[in-house]
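Before any comments, here is the structure.
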Protein chains: 2
Amino acid sequence: MVSLSIRLNASLYLKDPQQSALGWRIVTEGIRLIDRLGFENFTFKKLAEEIGSTEASVYRYFENKHRLLLYLIDWYWTWLEYQFDYFTTNINDPREKLKIYINLLTSEKKSDLYSNGIDGQALNRIMMAEFEKTYLTKQVDKDNQEGVFLPFKSVCKKIAGLIRQINPAFPYPHALVSTLILSANHQLFYAEHLPSLTEIQFNPKKHYQQLNDFIGLILNKVIQP
Amino acid sequence: MVSLSIRLNASLYLKDPQQSALGWRIVTEGIRLIDRLGFENFTFKKLAEEIGSTEASVYRYFENKHRLLLYLIDWYWTWLEYQFDYFTTNINDPREKLKIYINLLTSEKKSDLYSNGIDGQALNRIMMAEFEKTYLTKQVDKDNQEGVFLPFKSVCKKIAGLIRQINPAFPYPHALVSTLILSANHQLFYAEHLPSLTEIQFNPKKHYQQLNDFIGLILNKVIQP
DNA sequence: TACAAGATAATAGTAATACTATCAAAAAAC
DNA sequence: GTTTTTTGATAGTATTACTATTATCTTGTA
């Protein structure tokens, strides 16, 4: 059996949550609880009760809930980039690669694709609803210096690199990619909660396909030379 | 002298802040303080100290700080839609109108364009950094039912309507507009704090122009029939 | 000018949040 | 089998997010 381990920036945690059973429960149950309560209403006290431990024990792993969120987000992007590489092995055509990246970016994240008990759907919902809260803060610059946004940046860079290969004359590959990734995150949220902001219809069986169409359409129209 | 008054959804406040001097100080100094501290670190207590009043008095106007933020955001979008109408009076060509809308959306908001002591630049920074926090919450649906997102939706609808006029075959006008508005908000934030996510260079003298180029480029490429 | 209505200030108080500290018990590593 | 590390239990603090009460200060109006 092969199990892949995802190592994240050590500045994210005080004690590595992958190194003990309690640590990993903090992460996996943290995902479920943030998904259920929303990040604002989530507290370490509630999490501790949930996992039958104490607040103080949770604080031994993460400095605060913002750092825990950063950990989860970094986990997601690191995992996604691994998926990018895995599913494009031996493929060289940048257009084909790009298509696979976009498919991965806009498709449902099945739980069983993830390892070690992480609820992929919950993590994906956290991505949609909470991702931007990780950097839209007054500590962006400090956090950024510690490198906590590298996994996301790396994903952007990878896609932007393909765009540059496909059309070297296009002047805004990174801006385009960051725009479309955010949009992919938001459109399904709109579909569910603010439907007048999108044509995508909320329907868990079909909306991933619609999202994929939309993002693909924009991307193709914009980068065609 | 003509002064335009902006009336907002009454469910946003407990007592209309435009009806008393204290109320308006809460709004105008609230803008400055949220801009300075960030929404997370902003409290009604700090605001009360700032304006030489008390926490209890602030609470008489707004139920909580989230409602105050909604008020500010609604103020912004309502004001922007007014600008849209004002600057396109007697213009009928949808392409020309669209260009003006995009110019307004991506240009610097000068303080003196606003009325009644509102610091336009601070409000604009709040838009960039805090807007999404108004709807990325567990109470979206409740807030939405009260109509607090109508000003933003109305702006989206207006732009989407033009796109439909220009190219009736384009299937995603609303999704495109919501994508680009968010992007316009974020790209300058990236330019300043996470520069590897965008080609736009942080430079208050020039980056509005670059942003305008970027958004205009995407829009034109995407909606051309 | 007087006085009633409404707005504000001052003060107090509560429950929850976001932590930090200490120490003993339990688990693990050697 | 003991030392080190990890956890649990408990306690405590400062801040946040409110609510309530009453006294005072502005008004609008008669």
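Quantities reported herein were computed from a predicted structural model and do not represent experimental measurements. Each chain gets a letter, A, B and so on, in the order the sequences are listed, and its residues count up from 1. Computed over heavy atoms, backbone and side chain alike; hydrogens, waters and symmetry mates excluded.
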Range on DNA chain D touched by chain B - first to last nucleotide, heavy-atom distance under 4.0 Å
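On DNA chain D, the outermost contacted nucleotides are D/dT16 to D/dA20.
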Check this for me, if you would: do [X] and [Y] make a salt bridge, where the nitrogen-to-carboxylate-oxygen distance has to be below 4.0 angstrom?
X: B/K158; Y: B/E81; value: yes
X: B/K133; Y: B/E40; value: yes
X: B/E49; Y: B/K46; value: no
X: A/E50; Y: A/K45; value: no

For B/F42, ring-ring contact (aromatic ring centres under 6.0 Å, His included) partners two or more places apart:
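B/F42 satisfies ring-ring contact (aromatic ring centres under 6.0 Å, His included) with no residue once adjacent residues are dropped.
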Residues that B/H193 engages under side chain to side chain donor-acceptor pair (under 3.5 Å), provided they are two or more places apart
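B/H193: side chain to side chain donor-acceptor pair (under 3.5 Å) contacts with A/D141.
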Side chain to side chain donor-acceptor pair (under 3.5 Å) involving B/D143 - partner list, sequence neighbours excluded:
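Result, side chain to side chain donor-acceptor pair (under 3.5 Å) vs B/D143: B/R67.
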Where along residues 45-71 of chain A does a heavy atom come under 4.0 Å from DNA chain C, residue by residue in number order?
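Correct list: A/K46, A/E55, A/A56, A/Y59, A/E63, A/N64, A/K65.
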Checking the side chain of B/Q187 only, and the main-chain atoms of B/E199 only, is there a donor and an acceptor separated by less than 3.5 Å?
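Not confirmed, B/Q187 side chain does not pair with B/E199 backbone.
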Leading and trailing nucleotides of DNA chain C with any atom under 4.0 Å from heavy atoms of chain A
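Result: C/dT17 to C/dA21.
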Nearest 0.5 Å please: distance from the CZ atom of B/F202 over to the CG atom of B/L194.
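That separation rounds to 13.0 Å.
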Just call it for A/Q19: base, sugar-phosphate, or nothing, with non-hydrogen atoms closer than 4.0 Å on any strand.
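Sugar-phosphate, backbone atoms only, no base.
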Pick out which of B/L180, B/T179, B/I181 makes a side-chain contact (heavy atoms from CB on, under 4.5 Å) with B/V177.
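Exactly one option meets the side-chain contact (heavy atoms from CB on, under 4.5 Å) with B/V177, and it is B/I181.
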